[in-house]
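Here's the structure we're looking at; comments come further down.
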Amino acid sequence: MIDGFRRVGRRLAVGVRRVLRVARWESARASGGVDRRTLAAGVALLLVAGGVVGVGVATGVAGLDVDQDVYRVGVDAESPYSEAIEDAPSLRPVAAGTASLGDSADAVVVTVVEPGSGADGSIDAADVEEVVVRASDTRKGEAAAASVREAVESHNERLMRAEPNRTAAFPVVVTLRYVGRTTPLDGGATLGGSDGGTGGSGGQSAGGTDATDSDGDGSGTDADDTGADESSATDSNGDADADGPSGDERTSGGSDETDGDGSATDAPDTTDDGAGSDDDGGFAVPSIGGAAFGADTVGSPGSITPPFPFTSLLLAFAFLVPMNFLIQAYGSSILDERTNRRGEPLLVTPLSPAEIVAGKTLPYAAAAAVVTSLIALLVGGGALSVVAVAPVAATFLGATFVGAMFARSFKELTFVTVGVSVLLTTYAFVPAIFTNVTPVALVSPLTLVVFDLQGEAVSAGEVLFSTAPMAVGAALLFGLGLGVYREEDMFSQKPVTRKFLDALAVRLSAVPVGGGRGVAIPGRKRLRALGSVAFLTACTIPFVFVAELLAVAVLFALPVTVSIPVLLVTIAFIEEVAKSIGLYAGFERGVFERTDRVALAVGLASGTGFFLAEKATAVVQAVGLTELFLGRAAFADVSGFSGLPPIALAALFFAPLVLHVAATSAASVGASRGRTAYALALTLATLGHAAYNVGVVSLG
Amino acid sequence: MIEASGLRKTYGDFAAVVDSDFAVEEGEVFGIVGPNGAGKTTTLKVLAGLVEPTEGEVTVAGFDASDPEMRRHLGFLPEESPLYEEMTALSYLRFFADLYDVPREVADERIEAALDRLELDHRERRLGDVSKGMKRKVAIARSLVNDPDVLVYDEPASGLDPVTTNSVLAFTRELRETGKTVVFSAHNLYHVESVCDRVVVMNEGRIVARGSVDGIRERHGETTYRVFTDVEPTATPALADLDATTEEVGDRFRTTVPSMDAVAAVREAVGDAGGEVVDIRSREPSLEDVFLDIVGRPMPGRYTGDLGGDGTDAESNADGDGDGDGDGDGDGDGDESETETTKTATTEATE
C-alpha cells in the first residue's frame, strides 16, 4: 500500500517536473517569439483598454461628467438659482445681464416682476415676483431648460437633506428593500418570474416593496404588506396610510413608481423588486446574497436609482479583457505545434500528450492568474473574484485549445478565438447584468465578482453553482482536445466537424458483438465498452448545463407564452444531441458495428449515463433555481411532487431514465444508419423529449 | 534490436501497412524503400510509437513501441523537420535534452559534438534565419541528444543539396560505426544503397522483397550486355529471338542483349552485315532496376518525374531534389549503372 502511494507520488513528481520544464521552455519560446515593438504595441493596447475601463469606472465612481459645461445659462449672481446652476456640471453660468439667448446663452433665468392685485381687483402695492427660465427656441435651448429644472430640483433636495429637522424635510419616510420575486405563470409574467412591473393586473398582489409617492397624492404607501417581504411605510406623523388610497389597488409595487398608479417607470427596477408575493405557494426564490437586493437610498423617489450594479459590472468586465489577449497567444502557440508538424518531435519524447499540453498551457494559465489577481487588487476585489474568474479563464483556454486543435490554419484559428471570445464574454457578462435581479445571473461566475465588488456575501453553494459548470467544462474541453493530440490527428487537415467526431470517437471502445445465440460475449470487455459510452455522455452534462442555462438566460425576458415552448424544445434538443453525438461519432468512425443490437446497447448506455450525471446536477436545487418557474421547466425534478405516494414518486424518479434510454436508443439506431437517418431520428427523439418536458411542467 | 511481426495499420478502409514482419539487428543500418504511399513512413512512425498499429506487435530496444519508456532509447527524425523558429539551435537542442532528463553538462557535450560533426555554424542564430540544410542538421542533432540506441530516420537527406546530402549520409554511416541501430527510409535508392546493410522493399503497404542490397540485386536483377558496332546488325531471326534492341548512338550502333550467347549472335549478325564489334560492356542492375522489376513501375520522380498522384507536396519536392543528388553521386562512385528508361541529361552524361 505504502509502496503504491510512493510509486504514485514519484510518478506525480516526475509528471510535475516535466510539465514545469515544458512550461519553462514555452515561456521562453513565447517571449522569444514576440519582438519588442510587438510587445510595446500589446502593452499600449492593454493600457488603452485599461484606460477605457478606467474612464468608465471614473465616470461612474467619481462623478466625472463627460457632459461638463454643455449648456450656458444666464443667471444673476444674486439669484437664488445661481448656486443650483453652478453646482450642475452640465450647466455653465453666465451673467444674466450680458447673456443673449441663442447667442451667448442657451437659457436665461430671469425674475419677472408683476404687479399684484388686490381682492377687489385693484392694483396692489405688493408686486409678485416670478422666476422664469427662458430658453432659445432650439432643441438645445429646450434641453438647457430641462437641465436647469433638474438642477434646481437636485439643489432643493440637497437643501432638504441638509435640513437638521428630517421630519420637516421628509414628512414621509419609506424604506425600500429590493427582493427577488417570482410570480405564478400568467400571461404577463416573464420567465424570470417578474411581471415586469407593468402593473395593472389587479389580481396580482403587491410587491414586497412599497412605492413612495412623489407627487403628493398619497397613494404611494402600501402598508398592506401583501407580500412576504417586509415593507414599511412610516408616516412621520404617525399615520402611515391616512393619506393614500388602499394599497391593495397597487400592483407590482415598483419602487420607482412616481405616480402611484402602479405603472413602473423604470424597467430594470421593476423586475427586481415587486417580488415577494408568496401566493404562488413555493415559488419564492431564496434571497441571493442577502442584502444584494437592498440598496438604501435616501432622497425623493426621483433620485432613487435602481439597483443596477453599473460600477461593479464595469469593473468585473475588466477581468475579461486580458483573456482576449491571452487566448490569441495561446491559440497561436498550440496551432504552431501543428503547423508543418512542428510539434511532432515532442510526441516522441517520453512526455505524454497531457504533460505536453499542461506544460504549454501553464504559462498562460499563470499569466491569467497573475493578471486576475492584479486586477482584483486594483479594483478592490478579493479572493472570491479570483476564484470566480479562474474557471472563466480556464474555459477561455480550454475552448481555445480545442479550437486550435481543430483549426486547420491560422485563418480558422482567428475565427475560433474570436468566436470563443464573443461567446464566453457574452456568457460571462450578460447574466451578470442581472446580478441584483434574479438568481439566473449566477450562471455566470462574473456575477460572483459583482457580488464581491459590492461587498455582498455569497454561499458556498452559490459559488459552486456559478463556477463548477465552467470549471468542469474547461477540464472536459482540454480532455476533448487531448483526444486528438496525437500524430494521427494533429497534423491532418480534416474539417473541424470530422475532427470533433474523431475527438469523441477516440474516447469510445468497440462494443464486442456475439456471434449469435450461445456465443458468449466477453462480459468485462463489453461492460467496459458500454461504460465508455456512458462516461462520454456523462461528460457532456456540464456543457448541457451551460447551454441550458444560457437558453434560460436568453429567454429570460420573453413572455412565458413564447419562451416556455421554445425552451422546452431547445432543452430537449440540447440533451438529445448531447446523448447521441458520441454514438454517431462511434458509428461514423467505425468504433461500433452498424447493427441494431449494438445501436440499442449503446443507446441504453448513453441514456443511463446521462440520467446518472443529470442527477448530479442537484446543485441547482442548492441555489434555488428550480424555484423559478423557468428553472422548473429547465431542470424539472421530482422534488416538486412531494405530495405523491412513494410508488408514484419512484415512477417519476425513473421516468427520465426511461425517457433518456428510449430517446437515445432511437437516435442511436438512426446514427447507425448514417447521417440522414440520424438527423431524422434525432428530430423524433427531440420531439418526444419535448413532449415529456411539457408533461412534467404541466404536472408541476 | 527491433522486431515487427504481423504489423498492420489501417485508416478506415485504407490499409497503409499490411502484414509486415521484419527484424533489425543491433548496429545495423536498415533501409526501407518503396514508392510514395508504399507504407514506409507509416512503418517508421509505428516504430517510433507515434502511430498505434491496428494489428501486430513491435518492440524497439526491448520495449513495446507504445511504451513511453521506449522513447528514451529512440531518436526520431521525421521526413520534415520544421523547428521552433524563434529559438536558437542551441536553446532548441537544450530544450529537447531537458525533456529527456539529460543533465545540462552532458547535454551540452553531446550537442557540441553533434553540431561539430555536422559542421553546423550559427548556433546562436534563430532557427528561422538559417538555411534548410542547417535546419536538417539541427533536427539530426536533436535525434541524438538523448544518446539513443535506435535511430529512425525518415528521408534524412531529402531536399538537401549534394554537399549536405553527402555530409548527412556520411554521418549516418558513422552512426553505424558507433554501434547505433539505424532504420532509414528513402526513395532515392542511391541513398539507401550507400548506407544500408539490409533493406526491405515495400509496395502498397506490403514488403515485397528483403535482404542485403547485393542479395536483392542478385535475385531480382539481370546483367545486361551492350554491344557497340560500326554497322547495324542484320536483323536475323536469331537476334529477334534474343529480344535484342539496337539503337544508333552517334556514329555507332548499340545493341543490348541479356546474355553472352546473345553477344555472340550479335557479333555474327554484324559480321554478316560487313561490320565489326567495337566495344562490349556489361551492366550490373542497380537497386533502381531491381525496384522496377519488383514493383513493376518506375520510381516516381526518379525516372519520369511522375508521382503517380499519390505523393504529398513535400514528397514531390524531395523527389525532384533527390534526382540530381542521386545520379550525380552515383556517377561519382563509379557506378556503371545506366538506365535505359532514363533519358535525363544527367544520366546521358554518365554514358
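These values consider heavy atoms only, across backbone and side chains, with no hydrogens, waters or symmetry-generated copies. So you know, we letter chains A, B, ... as the sequences are listed, proteins then strands, and number each from 1.
Just one of I111(B), V102(B), L99(B) meets the side chain to side chain contact (heavy atoms under 4.5 Å, CB included) condition when paired with V145(B); it is I111(B).
With chain B as the partner, the residue from E355(A), R341(A), R486(A) showing the most heavy-atom pairs under 4.5 Å is R341(A). Taking chain A as the reference chain and counting heavy-atom pairs below 4.5 Å, the highest number among Y92(B), Y100(B), F76(B) is found for Y100(B).
The aromatic rings of F95(B) and Y84(B) are tilted relative to each other, their planes meeting at an angle between 30° and 60°. Note: F401(A) and Y330(A) have tilted aromatic rings, judged against thresholds of 30 and 60 degrees for the angle between ring planes.
For a residue to count as touching a neighbouring chain, one of its non-hydrogen atoms must lie under 4.5 Å from one of that chain's; by this rule D101(B) touches chain A with backbone and side chain alike. Of the two parts of S143(B), neither the backbone nor the side chain holds a non-hydrogen atom closer than 4.5 Å to a non-hydrogen atom of chain A. Of the atoms belonging to R94(B), heavy atoms from both backbone and side chain fall under 4.5 Å from chain A. Only the side chain of R24(A) comes within contact range of chain B, with heavy atoms under 4.5 Å apart. Only the backbone of L83(B) comes within less than 4.5 Å of a heavy atom of chain A; no side-chain atom from C-beta onward does.
Using a 4.0 Å cut-off between charged side-chain N and carboxylate O, R342(A) and E80(B) make no salt bridge.
Less than 6.0 angstrom separates the ring centroid of F22(B) from the ring centroid of F30(B).
Using modelled atom types, one finds a donor on one side chain and an acceptor on the other under 3.5 Å when comparing E26(A) with Y364(A).
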